[in-house]
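Contents: one structure, followed by commentary.
Keep in mind the model is a prediction, meaning the values are calculated, not measured. So that the names make sense, note that chain A is the first sequence line, chain B the second, and so on, each numbered from 1.
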Amino acid sequence: MERKAKAKRFFGDKVKRAAHLLLFRRGKLPGAKDWELRARLGEDYEEILKQLNDLLDNVDLEVKRIGPTAGVASFGETLTPESRYVTTLKGTISLREARMCGWRIDSLAALATAIAYVVSKQGKASRKEVEKILGQKFGKWRAMTIVDAFTRTGYLGEDESGMLYLDWRTRAELDLRTLMSALAEAKFQ
Amino acid sequence: MAKKLERGKPHTATARRDVIDIVKTCEAIEDRKFNPFLLDVKYALNTLRKYFPHWRELEDHCLDALALNRLSRVLRLQGSQLRFQSSSLYADPAFLEEKLKALSVKRLAEILVESWHPIAELEQITEPSVREAIAYWNVLAPIEERWRRFEVGASAPPRFLESEDLDKIGVQAIETFEETLSKLLTQLKEKSSVGAVDYQDFICGEDFLQTVERAVQVSFLVTYGYARIVRSDGSMQLLPNEERKLERHPVSFPVSITREVWSKWREKRKLNASSETK
């Protein structure tokens, strides 16, 4: 009984430490890499993350792993060199809440357009094409600025030949199946 | 082609051209210019097989290997397209494009948030940020002193604001940023019809503010690939691009403009103008 209690307290401390590592930003990117978690939490870090996930479930958050094999949008491409764990919202937020988080409706619509277009082109589309389709709604210069912002924040990546692909943040934050189904079901206005 | 090959040894130049055509087609498919299924892989492989016994030079063998490698990539693309089309993510690109054009901005934003699970993260106080805050606090003047600076006596009587006044105070722009850049690009193209334009000459305006604004606008033109900066004999020359050309490896180039620098440029420009008139 005593041993069990000790083991529970031990994991409790490590769960706290894992929460700190995942929730507080330390570098350029949010979350923590798997080697970092292994070094700070020990070999059983995955078990600790499961416990943390159970706790976060109560507040509508979850621990997600972004890696080359995870996510539906990878299309067999290695986009991130190392696996990274992040905490994301389990449910979704309303448009009003998104605006309160600092997002403009324009930017959200542009993100939906850019991601859906890249997905429809099997995960890779030329930057010019994406800018063209965005330009029809937001103007040429704004389209260029928006694509720059999306590549900077990690929603889209750009390779040397000017092709855009879905980057780590899209794979972490977007449920592409829901997005594509919603677009397919949306009625023409 | 197959019939011609059966008769005897093919002409080497023709054979090379055919293999190069295969390589180019494969590369175009890889760049998403064509549908992967537009290439008849079986026919292409037969072509390579027919030519293979006649290759004598090392470079021809290398070309053959390259073509085979590119064909294998096209096959992989065909495979991934089949997998993709059978998945629930598949949507006809043309249909989707129409839909994206037709849907309103608000509806698109609503669709995104339905499938969006943003990352939760917190930003915390760090030692450097605390030091920075203390330094700022120490140099910050008391609020009474700061307010005193704005006491300018009785205010002017109220009057109507024209659109030019609103533009000056930054409430409403007379022309959009896009229009300003387009105008600047046209100006650059006109000036560069006889050759490269000197960077300093081009951005130097009637006052300091205008000069800084023009420098910022030129930086946007260069970043977006509508113009390029060339360095020659210690000076910077500005040239417009015929077509938009993005730099694959962009280089940052800081240009420092102070009032003193601007005054020197202006003097220099006046001297140049007077010598030209003489």
Nearest-0.5 Å distance, NE2 of residue His117(B) to OG1 of residue Thr87(A): 14.5 Å
Please look at Thr145(A) and chain B and tell me whether the side chain, the backbone, both or neither of the residue comes under 4.5 angstrom of a heavy atom of that chain. both
Where does Ala116(A) contact chain B at under 4.5 Å (heavy atoms): side chain, backbone, both or neither? both
Largest heavy-atom contact set with chain B, pairs under 4.5 Å, which of Ile105(A), Leu111(A), Leu183(A): Leu183(A)
Please flag which part of Glu185(A) lies under 4.5 Å from any non-hydrogen atom of chain B: side chain, backbone, both or neither. backbone
What part of Met163(A) is in contact with chain B, defined as an atom under 4.5 angstrom from a non-hydrogen atom: side chain, backbone, both or neither? side chain
Portion of Ile119(B) that has a non-hydrogen atom of chain A nearer than 4.5 angstrom: both
Taking all heavy atoms of Ser115(B) and all of Thr92(A), pick out the closest pair and write down the distance. N-CG2, 4.4 Å
Do the two ring centres, one from Phe220(B) and one from Trp141(A), sit under 6.0 Å apart? no
Check each atom of Arg127(A) against the heavy atoms of chain B and say whether the ones under 4.5 Å are side chain, backbone, both or neither. side chain
Contact origin within Lys137(A) toward chain B - heavy atom pairs under 4.5 Å: side chain
Which bit of Glu160(A) is near chain B, if near means a heavy-atom gap under 4.5 Å: side chain, backbone, both or neither? both
